[in-house]
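Have a look at the structure below, then the notes.
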Protein chains: 2
Amino acid sequence: MAEEECPMERFCKLVGSRWGCLIVKNLMNNDELGFNELLRQLSTNPKTLSDKLKLLEKNGLVKRRVVNEMPIRVFYSLTEKGRGAARVEEFISKWIKG
Amino acid sequence: MAEEECPMERFCKLVGSRWGCLIVKNLMNNDELGFNELLRQLSTNPKTLSDKLKLLEKNGLVKRRVVNEMPIRVFYSLTEKGRGAARVEEFISKWIKG
DNA sequence: CAGGATCCTCTTTGATACTG
DNA sequence: CAGTATCAAAGAGGATCCTG
């Protein structure tokens, strides 16, 4: 049916899934993490993580920093907007308990 | 892998899907609606609507009121908690735009 | 180390038909 | 009118292997 999408829905597609949610939380506690570090912490698979990171990056929640060493390294961190998602979560927590 | 669930995730399962979201919005504008009225307004199918309504009811967002006439009528409305979800949406809207 | 390619399963959604 | 039953389709997530 694909009519327009409400903000709630857009939000939930980003951080409402198991992994979107956990990525934000982990980056919240860690400043910067490499791909495989994240992978281990979330105990998921590369495809799922990669997909989610791309989505989050595209929507401006996550920042990618590439370091050209050998082997190459890539670090992920939250943007200001991404940190805002944590505030949203607090708000939601209160509502769901109240 | 089914560890514990964050509040964000629980919230999103309720109102983050296309239909959960629209049901809340429609009930927000209408006080009370019958099953088929809702069905027409959302233009979805009975199964999807029925499933979602059960989930929302189970989680205390939606109230069911049965009127024993012939034919039987059932009205759905938002609870206080359900109305709170609308406030959460406002908060999210601000964040997603900002 | 960072991720792409495959393939597979499970859940959600949907269309349609039917019942009390 | 308010749903349930059935079946098909699509997408998210997952396991595993592979490459620059």
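Every chain is numbered from 1, with letters handed out A, B, ... down the list of sequences. Remember, predicted model here, so these are calculated numbers, not experimental data.
Look at A:K52 and you'll find a side-chain N or O under 4.0 angstrom from OP1 or OP2 of D:dG13. OP1 or OP2 of C:dG14 sits under 4.0 Å from a side-chain N or O of B:W19. Residue B:R73 places at least one side-chain N or O under 4.0 Å from the OP1 or OP2 atom of D:dA2. A close approach under 4.0 Å does occur between a side-chain nitrogen or oxygen of A:S17 and OP1 or OP2 of D:dG13.
B:N45 places its CG atom 10 Å from the P atom of C:dT13, with the value rounded to the nearest Å. Atom P of nucleotide C:dT12 and atom CD of A:E9 are separated by 15 Å, given to the nearest angstrom. Nucleotide D:dG11 holds its C1' atom 11 Å from the NZ atom of A:K13, rounded to whole Å. Note: CG (A:N68) to P (C:dA2) measures 13 Å, nearest angstrom. Between the C1' atom of D:dA12 and the CG atom of A:L49 lies a distance of 15 Å, rounded to the nearest Å. Taking atom CG on A:L42 and atom P on C:dG3, their separation rounds to 14 Å, with Å as the unit. Atom CZ of A:R65 and atom P of C:dC1 are 16 Å apart (whole Å). Whole-Å rounding puts the B:I23 CD1 to C:dT13 P distance at 10 Å.
For DNA chain C, the residues of residues 33-41 of chain A within the heavy-atom distance limit of 4.0 Å (strictly under) are A:G34, A:F35, A:N36, sorted by number.
A salt bridge between B:R83 and B:E80 is present, with a side-chain N of the basic residue lying under 4.0 Å from a carboxylate O of the acidic one. Using a 4.0 Å cut-off between charged nitrogen and carboxylate oxygen, B:E32 and B:R65 count as a salt-bridge pair.
Nearest heavy-atom pair across A:K52 and A:G20 is CD-N, 4.0 Å. Contact record, A:V67 with A:I72: O-CG1, 3.5 Å, taken as the closest heavy-atom pair. Here the shortest heavy-atom pairing between A:G16 and B:E9 reads O-CG, 3.3 Å.
The side chain to side chain donor-acceptor pair (under 3.5 Å) test applied to A:R73 returns no partner, not counting sequence neighbours.
Nearest nucleotide to the B:P46 side chain, out of C:dT16, D:dT16, D:dG14: C:dT16. The A:R64 side chain lies nearest to C:dG3 when the options are C:dG4, D:dG13, C:dG3. If you check D:dG3, D:dG14, C:dG14 against the side chain of B:S50, the one that comes closest is D:dG3. Ranking D:dG13, D:dG3, C:dA15 by closeness to the B:K47 side chain, first place goes to C:dA15. The side chain of B:V74 has D:dG3 as its nearest neighbour among C:dA2, D:dG3, C:dG14.
At most 12 non-hydrogen atoms from other residues, nucleotides or ligands lie less than 6.0 angstrom from CG of B:D31. Shown here is A:K81, whose NZ atom has more than 12 heavy atoms of other residues, nucleotides or ligands within 6.0 Å.
Residue B:Y76 is classed as a sugar-phosphate contact, given heavy-atom separations below 4.0 Å to backbone atoms only.
The nearest heavy atom of DNA chain C to A:L53 and to B:P71 marks one nucleotide each, and the one closer to the 5' end goes with A:L53.
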